[in-house]
Amino acid sequence: MGMTTLDLFPRSTPPIVDRMGPCAFVLRGFALPIAAELVRAVTAIDALAPFRHMETPGGFTMSVALTNCGDLGWTTDRRGYRYTTVDPVSNQHWPAMPATLRALARTVAITAGFGAFEPDACLVNRYLPGSRLSLHQDKNERDFDAPIVSVSLGMSAVFLFGGSARSDKTTRVPLHHGDVAIWGGEDRLRYHGVMPLKDAPHPLLGAQRINLTLRKAG
Ligand code: MD6
Ligand code: FE
């Protein structure tokens with residue numbers, strides 16, 4: 001048998017999985033084996049493409065600071081939301097997606113039953129105490145067949161998972177350091193957001209939360 005990405009994340013016990021929807025899951029602590037490596041990778045990404053507070057088309061400045069890695073990066077300004085191959089601040093390509101991060105996302109997709117996943121974009125979000133993300137759908141990607149994989153690092157957050165309309169009721173899902181969420185299929189376009197971050201410093205990251213969301217955007 002050939003080497004698969006599963007071999008990079010050997011486990012003696014099945015992962016603990018919480019179900020958020022028919023095609024939406026949280027794999028608790030799944031990224032813990034590579035968490036320190038991911039934190040170093042985020043520091044390296046920030047050195048090349050610094051975190052910045054982007055403006056929304058409606059004229060609000062986001063409380064979450066953003067950057068990207070991978071072939072495509074998500075940006076917003078007064079003209080709208082879109083994916084770009086270069087960082088508009090530096091006019092350079094976004095930093096490369098770390099191979100271990102890509103391998104993690106592929107392994108999670110297989111483990112959760114989504115099959116092969118080839119992410120080409122990774123949005124990196126940084127939350128400080130009080131930062132929040134209002135309810136939104138992820139719909140700037142070219143096709144909605146691929147799932148989205150989301151890795152949480154640092155301080156815990158309360159994730160809000162809603163329905164297909166903004167006004168649908170939301171459920172609160174705590175996301176902790178090392179948790180990996182994945183959703184796709186019929187849940188792919190569900191509204192979601194993050195409650196204002198509580199100030200409860202994390203041993204590795206201090207008073208911040210980093211979230212990495214991997215997508216097939218192009
Ligand atoms: C966050 N995440 O957890 C924000 N979107 O900081 C997202 O907006 C998100 O976690 C799509 C899929 C997974 C996510
Ligand atoms: Fe999102």
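Note that ligands are numbered from 1 as they come in the structure, with each ligand's atoms numbered from 1 the same way.
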[atom]: the protein heavy-atom neighbour that sits closest, reported with distance to 0.1 Å:
{"atom": "atom 2 (N) of ligand 1", "value": "Asn211 OD1, 3.6 Å"}
{"atom": "atom 10 (O) of ligand 1", "value": "Ser150 OG, 2.8 Å"}
{"atom": "atom 9 (C) of ligand 1", "value": "His192 NE2, 3.4 Å"}

For [X], atoms of ligand 1 separated by under 4.0 Å from a heavy atom:
{"X": "Tyr127", "result": "1 (C), 4 (C), 6 (O)"}
{"X": "Arg209", "result": "1 (C), 3 (O), 6 (O)"}
{"X": "Val194", "result": "1 (C), 3 (O), 4 (C), 6 (O)"}
{"X": "Trp183", "result": "11 (C), 12 (C), 13 (C), 14 (C)"}
{"X": "Ile148", "result": "11 (C), 12 (C), 13 (C)"}
{"X": "Leu133", "result": "4 (C), 8 (O)"}

Exercise. Mind checking whether Asp138 has an N or O less than 3.5 Å away from an N or O of ligand 1?
Worked result: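 Looking only at distances, the answer is yes, because the N/O contact criterion of under 3.5 Å is met.
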Exercise. Between His136 and ligand 1, is there a nitrogen or oxygen pair with a distance under 3.5 Å?
Worked result: yes
Exercise. Do you know which of Asp179, Ile182, Val17, Leu104 makes side chain to side chain contact (heavy atoms under 4.5 Å, CB included) with Phe30?
Worked result: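 Of the listed options, the one satisfying the test is Leu104.
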Exercise. Cluster partners of Met155, using ILVMFWY side-chain heavy atoms under 4.5 angstrom, listed by chain and number?
Worked result: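 Once heavy-atom contacts under 4.5 Å are chained together, Met155 belongs with Met20, Val26, Met54, Met62, Val64, Leu66, Leu72, Trp74, Tyr81, Tyr83, Leu123, Tyr127, Leu133, Phe159, Phe161, Val173, Leu175, Trp183, Val194, Leu197.
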Problem set entry | Co-members of the apolar cluster containing Val158 [side chain, <4.5 Å] | Leu135, Leu160, Tyr191, Met195
Exercise. Which value, rounded to 10°, describes the NE2(His136)-the Fe ion (ligand 2)-OD1(Asp138) angle?
Worked result: 80°
Problem set entry | pair His177-Leu205: side-chain heavy atoms closer than 4.5 Å |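 With C-beta onward as the side chain, the pair touches.
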Exercise. Can you name the nearest heavy-atom pair linking Glu186 to Cys23, along with the distance?
Worked result: N-SG, 4.1 Å
Problem set entry | Donor-acceptor pair, side chain of Asp77 and main chain of Pro57, under 3.5 angstrom |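 No; judged by distance alone, with no hydrogens or angles, the pair does not exist.
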Exercise. Side chains of Arg215 and Thr213: is there a donor and an acceptor less than 3.5 Å apart?
Worked result: yes
Problem set entry | Residues Asp87, Asn68; criterion side-chain contact (heavy atoms from CB on, under 4.5 Å); working and verdict | CA-CA 8 Å; Asp87 177 349; Asn68 292 277; over 6 Å; no
